[in-house]
Amino acid sequence: MYHLQKFRFGKARWFLFFAALLSFSYCTTDLPTKPTDGTKQAIADSLMIVTSHPLAVEAGLEIYRQGGNLFDALVGVQFALAVVYPRAGNLGGGGFAVIRTEDGSVVTQDHREIAPKAAFREMYLDSLGEVVDGLSLRGHLANGVPGTVAGLLDIYKDFGGEVDLQTVLAPAIRLAENGFLVSEVEAERLNRFQDQFRKYSTRPNPFSQKKDWTVGDRLVQPKLAKVLKAIAEKGKSGFYQGWVADSIVAEMNRGGGIITYEDLENYRPVYREPIAFDVDEFKVFSMPPPSSGGVLLQQMFHFIDEGNLCCEDGWDSESAHLLIEASRVAFALRAEHMGDPDFMKFTTDQLTHPARLDSLWHFFDPERVGEGQLFIEKDMVLPETWETTHTSIADGKGNAVALTTTLNSNYGNKVVVGGAGFFLNNEMDDFSILPGLPNQFGLLGSEINAVAPGKKMLSSMTPTIVDRDGELHMVIGSPGGPTIISAVFQVMLRDFLFDMNPYENIQKSRFHQQAFPEETRIEENAFFREVMVELREKGHDFSEIERMAVVKMIKRTLEGKLKGAGDERNPDDHAQGTNSCCDF
Ligand code: GLY
């Protein structure tokens, strides 16, 4: 340790000082011009954040260091993601949070978008009753009323507030005003969707200011900064009323959208009881409807309960068959019975009731793929690229949040709100726009999930928190449409069975089975070759998919350390804690 009073500038020291200054100025001109990939694993004692961009993690850590609590930090992370991760971070979308406080209580918050008041069941059909291609995906009719800002501000009000709202939004405002260097993936996506930004946005926007984005280009978003300042100053009314609401409604009017002032003013997030169930010594808390995630997790864990699952280095064919079939049945139930809870015929308790699940499981044949397809065969709809994002955050006291947020597809409906600089979602496609017809994820749905005014569209987002013997054990979630459920399930299962290191667990190849189509989608090496042969003999079909869900997880060790792990599937994923270190 040095002492300032002992530091005197003699001649030699002046020389060293100037040399150091020179080398410093040399270094500054030599600063990286490209963003670095995120760090995929870290360990910390007091606060751990894992999300899909290093600058968003830094925003959270900055707020925490300034005296904010975990919830203040989380809200700052999410606003920063809206700036630095525009393909999924958002002000114009919605999401779900599972929130654990240090006393061990868990609640969920639903800030999912809702259908505007003027929405109606046939709004995406032509006069012949046929679906108008792309209408629920792109352009001004595709978006639900955004819930993100209201949701985050309620979390800040109800759980945070150790620092003022200005402090919470300061990093996001700075990043929007000064700009940030786009990553390789973001540059590629911005280029990929350029034509659509131009086609569907009615005013110039920062994302179309260049035709060819390259890694390291600076993206500056002054209009978004103005919106963030309005929120920092006025809270919810800075977004849902005033000039930002004027901009959204004007955008609707220019582009033929239907969101009104009334829709915006009436938006309210909802706190809901979590889906909660035990798996051995673990207690799982996950998202209830309008997300299907928690219910499907509970169903799948129930179906495999009696199974003899093996092995840590890869599933054997018996286990793989059981897991695929459990997923098939759960997704079939999803399609038939799930949607906005206000419209569901069965309650979540009924959908997860052990006797009911047992009676459905009786058709399970350990030797053959299940018959009993519930659906009319239709051509598979190939997914347009979809994107969502997730933050896992935990502190040493037992507070934790799993928050998944989305615009649905990459950059939502591709409409940037004129004068306000943020994308709107295309969440309306998560409704069954024509019951029986698959959506962009190939997911089927029933009347329960048909479009109706003020209704919420069914989601697959699965933010989840797990306790072990009453202590926080895991915070987990992921983007990836319906593959979220499969990924969260498979990572949790490997953790429960094999107590795997979270980073290694996340990188394992995964599979996804959603009842329709019948085939199981697999990442490379999801199953050993001989296992695939045996599965094919049982009647399974497979198709390979390059990348599925991108998991972000925190696991608390028995010693109380927080291990954060991001997914190599997204180079931007980043895990970092307040005093994070490298000893895994
Ligand atoms: N938009 C994807 C989901 O909510 O599942």
Side-chain angles (χ1 to χ4, degrees), residues 82 86 88 90-95 110-125 132 134-154 196-197 199-203 205 223-224 226-228 230-231 234-270 290 340 342 405-409 411-431 433 449-459:
N90 66 80
L91 302 184
D110 159 8
H111 55 266
R112 181 76 160 164
E113 301 90 330
I114 52 171
K117 202 172 163 198
F120 57 102
R121 188 183 179 283
E122 293 81 18
M123 65 186 279
Y124 301 109
L125 309 183
V132 181
L135 201 58
S136 63
L137 280 171
R138 292 176 285 280
H140 294 70
L141 274 182
N143 53 290
V145 183
T148 293
V149 174
L152 293 180
L153 293 181
D154 275 5
Q196 295 189 20
F197 301 159
K199 180 168 175 191
Y200 295 106
S201 295
T202 59
R203 291 286 184 269
N205 67 81
K223 290 184 176 127
L224 179 59
K226 240 179 95 192
V227 177
L228 292 165
I231 297 169
K234 298 193 169 139
K236 279 186 205 172
S237 58
F239 184 84
Y240 291 96
Q241 294 168 19
W243 72 267
V244 179
D246 290 343
S247 307
I248 297 172
V249 173
E251 185 61 56
M252 293 293 114
N253 292 339
R254 284 193 298 273
I258 55 173
I259 292 180
T260 61
Y261 286 109
E262 193 189 351
D263 287 324
L264 292 169
E265 271 187 40
N266 286 343
Y267 187 86
R268 300 279 181 280
V270 186
D340 182 323
D342 292 344
T405 185
T406 190
L407 289 166
N408 198 13
S409 304
Y411 311 103
N413 64 352
K414 321 296 188 276
V415 174
V416 182
V417 177
F422 59 87
F423 283 103
L424 290 169
N425 65 82
N426 61 348
E427 223 68 59
M428 293 297 278
D429 191 65
D430 274 346
F431 280 117
I433 54 171
N449 191 35
V451 183
K455 186 174 178 181
K456 291 190 169 174
M457 52 300 275
L458 182 58
S459 173

Open item on the list: Please evaluate residues Tyr411 and Asn426 with respect to the criterion side-chain contact (heavy atoms from CB on, under 4.5 Å), reporting the C-alpha separation (whole Å), side-chain torsions for both, the decisive distance (0.1 Å), and the verdict.
Closed with: CA-CA 9 Å; Tyr411 311 103; Asn426 61 348; over 6 Å; no
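- Distance check: Glu262 CD to Lys117 NZ gives 4.0 Å after rounding to the nearest 0.5 Å.
- One N or O on the side chain of Lys455 and one on the backbone of Ala450 form a donor-acceptor pair closer than 3.5 Å.
- Just one of Asn408, Asn143, Asp429 meets the side chain to side chain donor-acceptor pair (under 3.5 Å) condition when paired with Ser136; it is Asp429.
- The two atoms that bring Phe431 and Asn449 nearest to each other are CD2-O, 3.3 Å, heavy atoms only.
- Across Ala150 and Tyr267, no two heavy atoms sit closer than the pair CB-CD2, 3.9 Å.
- Counting non-hydrogen atoms of other residues, nucleotides and ligands closer than 6.0 Å to NZ of Lys223 gives a total of 12 or fewer.
- Salt bridge absent: Asp430 and Lys456 never bring a charged side-chain N and a carboxylate O closer than 4.0 Å.
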TODO: Go through the steps to decide whether Leu91 and Leu228 satisfy the test side-chain contact (heavy atoms from CB on, under 4.5 Å), and finish with yes or no.
DONE: CA-CA 9 Å; Leu91 302 184; Leu228 292 165; 4.2 Å; yes
Open item on the list: As a quick check of understanding, evaluate side-chain contact (heavy atoms from CB on, under 4.5 Å) for Leu137 and Tyr124, giving each step before the final call.
Closed with: CA-CA 10 Å; Leu137 280 171; Tyr124 301 109; over 6 Å; no
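- Met428 contributes atom CE, which lies 10.0 Å from atom CD1 of Ile114 (distance to the nearest 0.5 angstrom).
- For Arg112 (side chain) and Gly147 (main-chain N/O), no donor-acceptor pair under 3.5 Å exists by modelled atom type.
- Atom NZ of Lys234 is separated from atom CG of Leu153 by 14.0 Å, given to the nearest 0.5 angstrom.
- Taking each heavy atom of Ala119 and Pro453 in turn, the nearest pair found is O-CD, 3.3 Å.
- If you take OG1 on Thr148 and CG on Leu407, they are separated by 7.5 Å, rounding to the nearest 0.5 Å.
- With hydrogens and angles ignored, the 3.5 Å screen pairs no side-chain donor or acceptor of Ser247 with any backbone N or O of Gly419.
- To the nearest 0.5 Å, atom CD1 of residue Ile231 and atom CG of residue Leu152 are 9.0 Å apart.
- In plain terms, the two heavy atoms of Ile259 and Pro116 that are nearest each other are CG1-CG, 3.7 Å.
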- [ ] Show the numbers, then the answer: is there a salt bridge (charged side-chain N to carboxylate O under 4.0 Å, His left out) between Arg268 and Asp154?
- [x] CA-CA 9 Å; Arg268 300 279 181 280; Asp154 275 5; over 6 Å; no
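- For the pair Glu251 and Arg203, the salt-bridge criterion is not met [side-chain N within less than 4.0 Å of a carboxylate O].
- Side-chain contact between Leu264 and Val244 is absent, with no heavy atoms from C-beta onward closer than 4.5 Å.
- Two residues are said to be in side-chain contact when any heavy atoms from C-beta on lie closer than 4.5 Å; Asp246 and Tyr261 meet this criterion.
- What you find for Thr406 and Glu113 is that their closest heavy atoms are O-OE2, 3.7 Å.
- Between Met252 and Leu424 the shortest side-chain heavy-atom distance falls below 4.5 Å.
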- [ ] For side-chain contact (heavy atoms from CB on, under 4.5 Å), just list the numbers for Phe239 and Val227, CA-CA rounded to whole Å, side-chain angles, deciding distance to a tenth of an Å, and then say yes or no.
- [x] CA-CA 7 Å; Phe239 184 84; Val227 177; 4.2 Å; yes
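- Side chains of Met123 and Val451 form a contact here, defined as non-hydrogen atoms less than 4.5 Å apart.
- Looking only at distances, a side-chain donor or acceptor of Asn413 sits under 3.5 Å from a matching main-chain atom of Gly139.
- Residues Glu427 and Ser459 have side chains not in contact (no heavy-atom distance under 4.5 Å, counting atoms from C-beta outward).
- Scanning all heavy atoms of the two residues, the minimum distance from Leu141 to Gly257 falls at CD2-CA, 4.4 Å.
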